[in-house]
Amino acid sequence: MAFNVSRVREQFPILKREVNGQPLVYLDNAATSQKPQAVIDSLVDYYSRYNANIHRGVHTLSQEATDAYEAAREKIRAHFNIEHSREVIFTSGTTHGINLVANGFSSLLQPGDEVLVSAMEHHSNIVPWQMLCERTGAILRVIPMNREGSLIMKDYEELLNEKTRLVFVNHISNALGTINPIEEIILKAHQHGAAVLVDGAQACSHVVADLQELGVDFYVTSAHKMCGPTGVGMLYGKESWLEKLPPYQGGGEMIAEVTFEKTTYADLPHKFEAGTPNIAGGIGFGAAIDYLNEIGFDAIREQEESLRDYATEQLLAIDGMVIYGEGTAKTSVISFNIDGIHPYDIGTLLDKMGIAVRTGHHCAQPIMDFYQIPGTVRASFAFYNTLEEVDRLVAAVKKAKMMLS
Ligand SMILES: *Cc1c(COP(=O)(O)O)cnc(C)c1O
């Protein structure tokens with residue numbers, strides 16, 4: 001079926017809201033996406049019809065809940081073209097997935113080993129690795145970026161050496177929208193025997209990552225960035241890595257046998273899934289994947305690219321406008337400032353006009369330091385946004401500029 005944005009918008013109840021007396025224009029999709037009725041229904045359906053704990057009951061509700069939760073795992077496996085469903089670990093989100101891997105590497109790194117992080121990471125793909133380096137004596141090195149907002153690949157190649165054990169980089173930057181060349185990053189790392197973790201939190205709503213084709217060692221994402229619920233996400237790890245890493249948390253569900261002398265761990269994926277998980281969230285994650293695939297990622301890309309191109313052109317026509325990360329392959333994120341005006345002031349005025357954008361460092365302070373700015377205004381578009389909404393953004397930015405300068 002052809003993409004029809006007004007029909008799509010009808011499926012998102014929140015888009016009918018007014019904010020400060022104006023119809024809501026939601027342009028903070030990079031922070032979290034809105035939820036279609038199908039996802040909301042999947043949560044309500046679970047809690048109203050078959051709420052029960054999973055993997056342990058003999059009773060009917062528990063069996064239904066287990067089946068639905070495992071069906072969601074299978075949807076995730078298929079969507080990301082993962083070989084085995086036991087390589088799909090449910091997490092509470094990207095941050096949890098990264099911490100799980102970073103913690104696991106504590107026992108695998110030696111003092112003097114090197115790990116590489118990119119200059120454009122979210123704090124959640126920096127801090128856990130700094131903590132890992134403090135625990136192990138490994139050294140954190142940074143792959144630099146240029147003014148256009150791209151990683152400098154020549155420098156990356158020079159940083160790789162026989163001591164490099166791990167590389168972690170985002171697939172798409174949440175602060176700039178840059179699409180990183182992860183195929184090449186993975187290939188080069190593997191030539192040096194280093195493993196790669198890709199943070200896919202920002203990518204998952206825009207592109208479908210084929211994880212077998214990429215050959216990536218770890219890939220993490222959050223459901224809430226792709227129309228799913230908050231508090232649930234996935235960690236993909238190659239089976240050989242997941243076998244090697246120790247469990248992250250101990251508790252119920254993750255054991256094979258417990259005595260006070262010794263506990264043995266459950267097989268994958270349960271080894272990493274201690275305690276009662278976010279069952280409704282997992283089921284909703286599956287519903288979100290179904291929903292996005294029904295819309296189709298080609299249609300999503302087409303709509304988002306047209307919004308990005310139109311908004312870029314219109315915004316650049318405003319005097320004093322600077323867009324960061326303009327000269328690179330990027331998704332529908334526009335991070336900008338207007339000369340002499342604090343981003344927070346623009347954001348506050350936009351909210352008064354019903355427009356939701358993000359202002360600040362976007363959990364990526366090193367990028368702001370690189371450009372020597374306190375932060376940016378970030379408008380991030382989803383497929384359910386419209387060209388009329390871009391017009392409202394541009395008119396509002398012009399008005400804010402007039403009021404503030
Ligand atoms: C949102 C985001 C994260 C953090 O995700 P959580 O759901 O808060 O754990 C990490 N990296 C990137 C690139 C993101 O966009």
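Whatever order the structure lists ligands and atoms in, that order sets their numbers, starting from 1. Each residue takes its place number in the sequence, starting with 1.
Here is the list of ligand 1 atoms found below 4.0 Å of a heavy atom in S222: 5 (O), 6 (P), 7 (O), 9 (O). Less than 4.0 angstrom separates some heavy atom of A201 from each of these atoms of ligand 1: 2 (C), 3 (C), 10 (C), 11 (N), 12 (C), 14 (C), 15 (O). Listed by atom number, the atoms of ligand 1 under 4.0 Å from T95 heavy atoms are 4 (C), 6 (P), 8 (O), 9 (O).
Among V333, T331, I182, the single residue meeting the side chain to side chain contact (heavy atoms under 4.5 Å, CB included) criterion with I172 is T331.
In terms of N/O distances under 3.5 Å, ligand 1 is not approached by N174. Note: an N/O pair closer than 3.5 Å links D199 and ligand 1 by distance alone.
No more than 12 heavy atoms of other residues, nucleotides or ligands shown are found within 6.0 angstrom of CE on M131.
Contacts between K225 and ligand 1, counted as non-hydrogen atom pairs separated by less than 4.0 Å, involve the side chain only.
Residue contacts with ligand 1 include H224, since one or more of its heavy atoms lies under 4.0 Å from the ligand.
Of all protein heavy atoms, the one closest to atom 10 (C) of ligand 1 is S124 OG, 3.2 Å.
Closest of all the heavy-atom pairs between Q365 and H123 is N-NE2, 2.8 Å.
Comment: E10 does not engage R7 in a salt bridge, judged by the lack of any side-chain N to carboxylate O separation of less than 4.0 angstrom. For R56 and E253, the salt-bridge test passes: some basic side-chain N is under 4.0 Å from an acidic carboxylate O.
Within the 4.5 Å cutoff, the side chain of L393 has heavy atoms near those of the L350 side chain.
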